[in-house]
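Residues: numbered from 1 along the sequence shown. Values below: every heavy atom of this structure, side chains too, minus hydrogens, waters and symmetry copies.
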Amino acid sequence: MLVDAITWTASEVEHPARTASWRSMEAVVKGAKDEWLALFADDAVVEDPVGPSMFDPEGKGHHGREGLSAFWDLAIALAERFEFAVHDSFATGHEVANVGTISAFLPGGSRIDTDGVFVYRVGPDGLIRSMRAFWEVDRAMATIRQV
C-alpha cells in the first residue's frame, strides 16, 4: 500500500528532516494518527497551508500535541485516502523542502490535488519542530473532480 501511495522521484540522500518527512507521509497514508503525532516535538507547529485558511482562519498554525491532533481531525481524517508524489527534495541544515503533489480522495468519490512546497524542520532528536506547507487553496480547489 505505501509503495503505491507514495511516489518519490526526488533525492534519496539520507537526511534527518527528509526521513521525518517520509515517516510523516507514511503515517498519513496508513491513517495512523498516533504514529503521526509521535513524529512531532511537544511544542511543534504545523502551518498547512501557511497563512489563513479553512483549516486555520487566523493563520497562526496548529501548536502542540492538542493543536496537531485537532488539525488531523479537521484536515487529514476527512479524506478516505491520500497519495503523495514528491518530485524534488532539498535538504540542508535541520530542514527539508519537498516539492510535490498531495492527492486526497474524499468521501463521495471526489479527488483534490494540492501542488506545493512542504518544509519540515527537525531538532537534534529527529522530531519535527515545524511543518510549513506552501500551497494555494484556490489552485487546489480548482482540481476537485469525480474519480
Side-chain angles (χ1 to χ4, degrees), residues 1-2 4-11 15-108 110-123 125-145 147:
M1 176 176 159
L2 292 180
D4 294 336
I6 301 173
T7 304
W8 189 278
T9 56
S11 171
H15 184 278
R18 186 174 285 134
T19 299
S21 74
W22 178 266
R23 289 182 180 150
S24 175
M25 288 181 274
E26 285 181 323
V28 169
V29 166
K30 292 190 294 187
K33 179 180 179 180
D34 290 339
E35 184 178 319
W36 184 77
L37 289 171
L39 298 171
F40 290 85
D42 289 339
D43 60 349
V45 178
V46 168
E47 297 173 80
D48 186 356
V50 170
S53 72
M54 64 282 215
F55 303 128
D56 181 13
E58 294 182 19
K60 295 181 179 179
H62 307 274
H63 297 258
R65 300 246 180 238
E66 186 175 313
L68 273 59
S69 179
F71 171 75
W72 177 284
D73 294 342
L74 180 64
I76 298 171
L78 296 179
E80 291 178 345
R81 69 184 174 94
F82 284 91
E83 291 179 0
F84 293 84
V86 178
H87 313 297
D88 218 339
S89 180
F90 303 91
T92 186
H94 297 287
E95 299 185 74
V96 67
N98 295 330
V99 179
T101 303
I102 300 172
S103 299
F105 296 82
L106 306 172
S110 59
R111 172 183 176 158
I112 184 170
D113 296 324
T114 303
D115 295 325
V117 178
F118 308 92
V119 180
Y120 294 78
R121 181 173 51 85
V122 297
D125 55 7
L127 293 176
I128 301 168
R129 296 298 194 266
S130 71
M131 195 286 282
R132 302 181 78 216
F134 294 85
W135 58 274
E136 297 174 21
V137 173
D138 292 343
R139 284 176 58 176
M141 297 302 276
T143 70
I144 295 177
R145 62 199 179 279
V147 290

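- Taken to the nearest 0.5 Å, the CG atom of N98 stands 9.0 Å off from the CG atom of D88.
- Here the straight-line distance linking atom CZ of R18 with atom CZ of F90 works out to 9.5 Å at 0.5 Å rounding.
- Distance check: D34 CG to L39 CG gives 11.0 Å after rounding to the nearest 0.5 Å.
- In R23, the CZ atom is not crowded: 12 or fewer heavy atoms of neighbouring residues, nucleotides or ligands sit closer than 6.0 Å.
- The CZ atom of F105 sits 10.0 Å away from atom CD of E80, with the distance rounded to the nearest 0.5 Å.
- Scanning all heavy atoms of the two residues, the minimum distance from G61 to V45 falls at CA-CG1, 4.4 Å.
- Judged purely by atom type and a 3.5 angstrom limit, R65 uses its side chain to pair as donor or acceptor with the backbone of L37.
- Closest of all the heavy-atom pairs between W72 and G31 is CZ2-C, 3.7 Å.
- A salt bridge (Lys or Arg N to Asp or Glu O under 4.0 Å) with E47 holds for exactly one of R121, K60, R132; it is R132.
- Side-chain atoms of T101 never come within 3.5 Å of backbone atoms of D113 as a donor-acceptor pair (strictly under, hydrogens ignored).
- Counting all heavy atoms, side chain and backbone alike, I76 lies closest to F82 at O-CE1, 3.4 Å.
- For NE2 of H94, the number of neighbouring non-hydrogen atoms (other residues, nucleotides, ligands) closer than 6.0 Å is 12 at most.
- H62 contributes no side-chain N or O that, together with a main-chain N or O of S69, makes up a donor-acceptor pair within less than 3.5 Å.
- Taking both residues in full, the closest heavy atoms of V46 and L68 are given as CG2-CG, 3.8 Å, listed atom of the first, atom of the second, then distance.
- Within the 3.5 Å criterion, the main-chain N or O of V86 finds a donor-acceptor partner in the side chain of T9.
- Ring geometry for F71 versus F55: interplanar angle over 60°, hence perpendicular rather than tilted (30 to 60°).
- Using cut-offs of 30° and 60° on the angle between ring planes, the pair W8 and W22 is perpendicular.
- Pairing each heavy atom of W135 with each of G116, the nearest pair is CB-CA, 4.2 Å.
- Closest non-hydrogen pair, A20 versus V122, comes out as CB-CG1, 3.7 Å.
- Distance OG/S89 to OH/Y120: 10.0 Å, rounded to 0.5 Å.
- Counting only heavy atoms from C-beta outward, the side chains of L127 and R129 approach each other to under 4.5 Å.
- Between atom CD of residue E95 and atom CD1 of residue I128 there is a gap of 12.0 Å, rounded to the nearest 0.5 Å.
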